[in-house]
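For clarity, every value in this text was computed on a predicted model and none was experimentally measured. Excluded from the calculations below are hydrogen atoms, water molecules and symmetry mates; all remaining heavy atoms, backbone and side chain alike, are included.
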Amino acid sequence: MKHKLYILTAAVLWSTIGLATVLGGDPGLVALVRAFGAGAVALIFFRSKSFSSMLAGLFLGILFTLYSLSATVLGVGVTAFLLYTAPLWATIASITYGERPGRVEGLSLVLIGVALILMALETGRGPNGLAGFATGLATGISYGFYISVARYYSRRNSSLNVSLGALPYAAVITAFFATFFLHRRESVNTYYSSVVAGLYLAIFATVLPYFLVSKGLEEVKASTASLIGSLEPVLAAVWGAIFLQQIPTVTLALAYMLILCASILQIIPTNR
């Protein structure tokens, strides 16, 4: 139970990422400050030159950049729920590590697949089309692969390598990708708000939650861990509706419900 609480706490903190990014104003700058701020803090407490840190940092760097971009383009709630398609990709990646999904997990992944189809149809009608959907989906893929890598190495007593140790490498990857999305002519106010948002995300949505989730992954299965934090997308959608007036359509709401049902299917068997 303690390890599940670690993951849930991280999920609550992560639910604020999209809102902070949108309020910051410049997704590229927010992602950049977040990555470098988190990397700098991580270096104070832990340093790693291991392959596991580099691999985890690769997926984190991609995630940091694409999540900020997707939250701005698609919306906070949509991006958060697309992120939680990660179990599909985590399960695929985990098969290479010897893990096999059970029947309940298989059913939950089918529900996620249906939800993806609905979300693609709905977001494809918007101004950003399928390109926007692909960006959001890529966040789920990168997160799923990170979860799988973290799970594999955490079980081999390398949880710090794939959490704090990975953050400096994630900063390098983010620096490469985020520069393509930086707004060159933003106002001074937008510049400062983006820096503040990035610093907030660096501490409260990166260093702390990634450490918590790495500890939780020592006892929680990869595909289950990525679903047990289902509070994250729910809260993210709530923040989007309250603060940004991003109200989901009926189709999107149905897709959200399917993903939540998949989460419940994962959680219930672990409590028996």
Side-chain angles (χ1 to χ4, degrees), residues 2-11 13-14 17 31-32 34-67 83-101 105 138-178 201-229 232:
K2 179 176 67 174
H3 292 82
K4 293 179 181 180
L5 289 177
Y6 288 156
I7 296 174
L8 284 173
T9 301
L13 294 172
W14 276 330
I17 295 176
L32 197 60
R34 175 193 182 188
F36 273 90
V41 172
L43 283 174
I44 297 174
F45 298 101
F46 185 78
R47 300 181 183 184
S48 172
K49 296 182 180 179
S50 68
F51 173 75
S52 60
S53 295
M54 297 178 187
L55 184 60
L58 170 64
F59 292 124
L60 285 181
I62 296 173
L63 172 61
F64 290 167
T65 307
L66 293 182
Y67 194 96
L83 179 70
Y84 268 74
T85 64
L88 176 62
W89 319 111
T91 299
I92 292 173
S94 295
I95 290 176
T96 63
Y97 299 142
E99 292 187 10
R100 293 293 185 273
E105 290 174 322
T139 66
I141 296 174
S142 58
Y143 181 48
F145 275 57
Y146 167 75
I147 288 289
S148 179
V149 169
R151 168 64 175 168
Y152 178 79
Y153 286 104
S154 292
R155 295 183 66 179
R156 287 155 178 78
N157 298 318
S158 296
S159 60
L160 285 177
N161 287 335
V162 294
S163 55
L164 295 181
L167 293 177
Y169 298 104
V172 175
I173 299 300
T174 304
F176 174 77
F177 287 108
L201 294 179
I203 304 299
F204 297 103
T206 308
V207 174
L208 180 57
Y210 274 104
F211 174 75
L212 291 174
V213 82
S214 69
K215 298 298 293 183
L217 285 167
E218 293 177 357
E219 298 294 335
V220 179
K221 194 175 180 180
S223 55
T224 303
S226 57
L227 282 169
I228 203 172
E232 177 190 347

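- Atom CZ of Phe46 sits about 10.5 Å away from atom CZ of Phe211, to the nearest 0.5 Å.
- Arg156 forms a cation-pi arrangement with Tyr152, by the criterion of a distance under 6.0 Å to the ring centre and an angle within 45° of the ring axis.
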Inset, instruction - Go through the steps to decide whether Arg34 and Ile17 satisfy the test side chain to side chain contact (heavy atoms under 4.5 Å, CB included), and finish with yes or no. - result: CA-CA 10 Å; Arg34 175 193 182 188; Ile17 295 176; 3.6 Å; yes

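- Between the side chain of Thr9 and the backbone N or O of Leu5 there is at least one donor-acceptor pair closer than 3.5 Å.
- The OG atom of Ser52 sits 9.0 Å away from the OH atom of Tyr169 when rounded to the nearest 0.5 Å.
- Interatomic distance, CD1 of Ile141 versus CZ of Phe59, reported as 10.5 Å (0.5 Å rounding).
- Taking all atoms of both residues into account, the shortest heavy-atom contact from Gly165 to Ser53 is O-CB, 3.5 Å.
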Inset, instruction - Would you sort out whether Ile203 and Leu208 count as a side chain to side chain contact (heavy atoms under 4.5 Å, CB included), showing the intermediate values? - result: CA-CA 6 Å; Ile203 304 299; Leu208 180 57; 5.7 Å; no

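- In plain terms, the two heavy atoms of Leu66 and Ala138 that are nearest each other are CD1-CB, 3.5 Å.
- Two residues are said to be in side-chain contact when any heavy atoms from C-beta on lie closer than 4.5 Å; Tyr146 and Leu63 fail this criterion.
- With hydrogens and angles ignored, the 3.5 Å screen pairs a side-chain donor or acceptor of Ser163 with a backbone N or O of Ser159.
- Nearest heavy atoms, Ser142 versus Ile62: CB-CG2, 4.0 Å.
- Within the 4.5 Å cutoff, side-chain heavy atoms of Leu60 are placed close to those of Leu167.
- Judged by distance alone, with hydrogens and angles left aside, the side-chain atoms of Arg47 form a donor-acceptor pair with the main-chain N or O of Leu43 at under 3.5 Å.
- Pro209 approaches Leu13 most closely through the heavy-atom pair CD-CD1, 4.0 Å.
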Inset, instruction - Kindly indicate, with the supporting measurements, whether the criterion side chain to side chain contact (heavy atoms under 4.5 Å, CB included) is fulfilled by Leu83 and Glu232. - result: CA-CA 10 Å; Leu83 179 70; Glu232 177 190 347; 3.4 Å; yes

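- Ring geometry for Tyr143 versus Trp14: interplanar angle over 60°, hence perpendicular rather than tilted (30 to 60°).
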Inset, instruction - Before giving the answer on side chain to side chain contact (heavy atoms under 4.5 Å, CB included), spell out for Ile173 and Phe64 the whole-Å C-alpha distance, their side-chain angles and the decisive distance to 0.1 Å. - result: CA-CA 9 Å; Ile173 299 300; Phe64 290 167; over 6 Å; no

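- For Phe204, the CZ atom is loosely surrounded, since the number of other residues' heavy atoms within 6.0 Å does not exceed 12.
- Here the side chains of Asn161 and Tyr153 are not in contact, with every heavy-atom distance at 4.5 Å or above.
- Listed here is the closest heavy atom pair of Thr85 and Gly140: OG1-CA, 3.9 Å.
- Considering every non-hydrogen atom in both Ala202 and Ala38, the closest pair reads CB-N, 3.4 Å.
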